[in-house]
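Here is the structure we will look at, set down as structure tokens.
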2 protein chains.
Amino acid sequence: MSSATVSFVVNDDPKAQTLTQATRDKVLEAVRLLDYRPNLQARSLRTQRSHSIAVLTDELTAVPYENSTIRGMQERAWAGGFMVTTMTTGGNAALAEHAVEVVLARQFDAVIVTTAFTREVEVPAAFDSIPLVLLNCFSRDGHRSVLPAERSGSRSAAELLLAAGHTRIGFINGLRETWAAGQRRLGYRDALRAAGIAYDRTLVRWGDYQTDSGHRHATVLLDSPNPPTAIMAGNDRMAVGVYYAAYQRGLRIPEDLSVVGYDDHAEFSAHAVPAMSTVRLPYYEMGRAAVDLLIAGTPAGDAPPTGHGLVTEVECQPVARKSIGPPRSDPIAPSPPARPRDQARDDAPPENPT
Amino acid sequence: MSSATVSFVVNDDPKAQTLTQATRDKVLEAVRLLDYRPNLQARSLRTQRSHSIAVLTDELTAVPYENSTIRGMQERAWAGGFMVTTMTTGGNAALAEHAVEVVLARQFDAVIVTTAFTREVEVPAAFDSIPLVLLNCFSRDGHRSVLPAERSGSRSAAELLLAAGHTRIGFINGLRETWAAGQRRLGYRDALRAAGIAYDRTLVRWGDYQTDSGHRHATVLLDSPNPPTAIMAGNDRMAVGVYYAAYQRGLRIPEDLSVVGYDDHAEFSAHAVPAMSTVRLPYYEMGRAAVDLLIAGTPAGDAPPTGHGLVTEVECQPVARKSIGPPRSDPIAPSPPARPRDQARDDAPPENPT
DNA sequence: TTGTAGGCGTTATCAT
DNA sequence: ATGATAACGCCTACAA
């Protein structure tokens with residue numbers, strides 16, 4: 001019994017078809033007896049394939065959905081016999097450089113470069129020699145990338161509102177200079193256009209993704225002469241700000257105002273009162289897709305999302321909850337009714353502790 | 001120029017002291033020229049040390065501080081020339097088993113088993129042959145573990161309030177059956193005892209870590225005949241519930257009620273209005289400590305936290321912000337003033353959307 | 001002061 | 001149908 005024989009049966013190599021069932025059993029028995037496990041490092045050395053994928057991320061964000069990305073990557077990788085190890089650079093150049101060294105020296109088979117927020121990245125030249133995909137980011141050097149389909153996602157959000165009968169839809173978009181916000185603006189416009197509604201620029205505003213920003217912009221929208229009957233926000237957090245602004249003026253959701261968020265960040269959307277309709281950012285699927293691009297061919301289960309050319313877009317599904325209703329028949333009063341308050345704290349909104 | 005020579009200078013082996021500066025330079029030059037990188041897999045095969053640590057976690061929690069753990073582990077590991085790769089099992093037995101196989105087959109040098117919430121764990125027997133530390137969890141099989149010093153942390157929280165002059169301190173603890181809640185109860189008692197204040201069992205309640213729970217229990221406490229002038233909560237999220245309850249009855253923080261949270265979960269604490277005083281769970285430091293136990297001896301920088309025997313406790317520092325003030329001189333009205341409301345929604349608290 | 005050779009645990013090629 | 005044997009890239013005694 002030679003090592004070669006063992007190798008055959010352990011990996012059940014097709015060429016091992018020629019083996020006697022007897023020897024095969026003998027090997028298997030020995031394996032069990034000795035609790036034998038192939039040394040994968042040695043195997044890698046020999047085969048020149050480590051079956052490891054490195055994930056370089058600028059920051060492990062404080063937002064939970066980033067974990068979905070990791071889960072998606074890991075599950076797909078494991079299904080294909082791969083391992084993923086993630087390295088966080090935190091935007092620190094020294095750490096980033098170290099990470100590159102490690103990837104090269106440790107014989108990783110492939111790299112995923114990912115960012116917390118969708119943006120353009122610069123891929124280190126040292127990675128030219130290794131398969132790479134960009135996840136939630138993009139570059140101008142012809143690397144493949146996996147991105148959320150923001151434009152159609154935003155369109156879905158608007159359609160949720162249009163379907164309920166709204167025609168004046170306020171839009172508190174994200175930071176103007178971001179890619180996502182640009183796409184979302186297009187999606188919003190697409191939806192209106194398809195519905196034959198004129199684009200009213202006074203209805204769209206640029207927020208900064210913070211609760212407070214949502215609150216502020218919603219205030220402006222709601223207090224305008226011809227206020228919207230529905231507001232969509234660039235993320236769930238800002239949508240919470242919209243809730244606050246509505247509540248402050250005694251407006252009920254969804255009876256008096258419909259709201260839709262973006263991201264489906266459960267902390268804000270599912271747990272809101274009433275539960276917030278939103279659009280889900282498909283982090284899990286994106287993670288899967290990125291790994292899939294790298295190890296396509298290895299069996300995994302379901303089909304990968306359709307990729308056309310260099311960029312694979314993953315759809316953002318609308319999730320309808322309780323924050324959307326038909327528009328109020330009577331227009332919202334132009335200026336908010338001065339509510340009697342029992343306390344001296346009329347100025348400070350009592351909410352917003354989170 | 002032989003491979004041995006190269007090996008010496010690349011690793012600057014002490015035995016290479018005998019080398020001519022000339023040859024040394026020649027090697028270095030060649031390294032630069034060829035962009036040579038030692039193959040760490042091959043090295044591992046030879047040295048039987050992979051310099052890799054596996055992190056098995058039950059779930060990558062939705063809570064951001066888990067990321068701090070990972071950062072702490074990674075930074076300490078990198079400083080010592082190690083790599084960490086984390087594998088999430090999500091409580092799935094099959095995944096857990098796979099993870100164990102991977103750890104063994106891939107020649108990881110050590111394992112960290114960690115959990116999202118402090119609890120007892122069962123360590124797979126297959127790990128008997130490999131250095132292991134438990135992080136944020138513990139077992140009864142004599143494994144080393146790194147834990148937050150909950151008891152003294154809770155004591156610190158209470159002391160924050162005592163120092164401000166409070167003597168009636170409500171405590172909305174966490175789930176009764178958890179280790180952390182047990183420790184925290186002791187810490188609360190320690191603080192009161194040291195201040196010579198009698199323990200009033202009507203002031204301590206068991207919540208379930210949700211905002212809503214904090215809101216409910218705070219309501220009970222504040223509406224009791226002899227309400228506390230300060231409330232400490234088992235986590236920041238419940239403390240937000242306390243804020244809500246206070247605001248609902250027109251109580252200002254910290255003028256009418258002092259509040260202290262636990263965790264320092266920024267989403268809830270730092271961003272609250274007013275900013276919440278709390279106690280920080282030292283996830284980053286715990287991550288560092290866990291790796292440190294495993295690779296002690298490798299230079300890293302600062303000194304590790306003191307560990308006595310099998311468990312290394314890492315202190316939870318109080319962080320004072322704006323939610324604590326002196327107790328009100330006049331007692332809070334026993335029953336809340338019936339506030340006039342302008343809306344029909346008197347029942348439903350307008351807050352709590354997050 | 002430097003070079004040679006053996007072996008870490010695999011896999012792959014070639015004999016047997 | 002199976003057994004030797006070389007090689008993957010590195011480290012390390014030991015020899016030169």
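Each of B:Thr47 and B:Arg24 was assigned the nucleotide of DNA chain C with the nearest heavy atom; the assignment lying further toward the 5' end belongs to B:Arg24. Residues A:Pro38 and B:Leu19 both approach DNA chain C. Their nearest nucleotides, taken by heavy-atom distance, put B:Leu19 toward the 5′ side.
Taking all atoms of both residues into account, the shortest heavy-atom contact from A:Ala126 to A:Val100 is CB-CG1, 3.6 Å. Looking at every heavy atom in both residues, B:Ser145 comes nearest to B:Phe138 through OG-CB, 4.0 Å. Nearest heavy atoms, A:Leu147 versus A:Val311: CD1-CG2, 4.3 Å.
Residue contacts shown for B:Ser7 include a base, since a base heavy atom lies under 4.0 Å away. If you check every strand for non-hydrogen atoms under 4.0 Å, A:Arg37 touches sugar and phosphate atoms only.
At least one donor-acceptor pair closer than 3.5 Å links the side chain of A:Arg144 to the backbone N or O of A:Leu293. Put simply, the side chain of A:Thr88 never gets that close to the backbone of A:Gly90: no donor and acceptor are under 3.5 Å apart.
When the side-chain nitrogen and oxygen atoms of B:Asn11 are compared with OP1 and OP2 of D:dC11, one or more of them lie within a distance under 4.0 Å. Taking 4.0 angstrom as the limit, A:Thr23 places a side-chain polar atom (N or O) nearer than this to OP1 or OP2 of D:dT2.
Ranking C:dT2, D:dC11, D:dG9 by closeness to the B:Arg43 side chain, first place goes to D:dC11. Closest approach to the B:Thr5 side chain among D:dC10, C:dT2, D:dC11 is made by C:dT2 (side chain taken as heavy atoms from C-beta onward).
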What N/O pairs connect the protein and nucleotides 5-7 of chain C at under 3.5 Å? Give each pair on its own line.
from	atom 1	to	atom 2	distance (Å)
C:dG6	N2	B:Arg46	NH1	2.7

So which protein N/O to nucleotides 14-16 of chain C N/O distances come out below 3.5 Å?
none

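Remark: P of D:dC10 and CD of B:Gln48 are 16 Å apart, rounded to the nearest angstrom. Spacing between atom CD of A:Gln41 and atom C1' of D:dA7 amounts to 18 Å, rounded to whole angstrom units. Rounded to an integer number of Å, the gap from CG of A:Leu45 to P of C:dA12 is 13 Å. Taking atom CZ on B:Arg106 and atom P on C:dG9, their separation rounds to 18 Å, with Å as the unit. Rounded to whole Å, the distance from CZ on B:Arg49 to P on D:dG9 is 24 Å. In this structure, A:His51 places its NE2 atom 13 Å from C1' of C:dT11, rounding to the nearest Å. The distance from atom CG of B:Leu104 to atom P of C:dG9 is 15 Å, rounded to the nearest whole Å.
A side-chain donor-acceptor contact under 3.5 Å links A:Glu315 and A:Ser152. Inspection of the A:Asp58 and A:Thr89 side chains reveals no N or O donor paired with an N or O acceptor under 3.5 Å.
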Step-by-step salt bridge (Lys or Arg N to Asp or Glu O under 4.0 Å) determination, A:Arg288 to A:Glu285:
CA-CA 5 Å; A:Arg288 281 190 77 86; A:Glu285 292 78 2; over 6 Å; no
Name the atoms and distances for all side-chain donor-acceptor pairs under 3.5 Å in residues 91-98 of chain B, with sequence neighbours left out.
from	atom 1	to	atom 2	distance (Å)
B:Asn92	OD1	B:Ala94	N	2.7
B:Asn92	OD1	B:Leu95	N	3.1

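In this structure, the side chains of A:Ile295 and A:Arg76 come closer than 4.5 Å at one or more pairs of heavy atoms.
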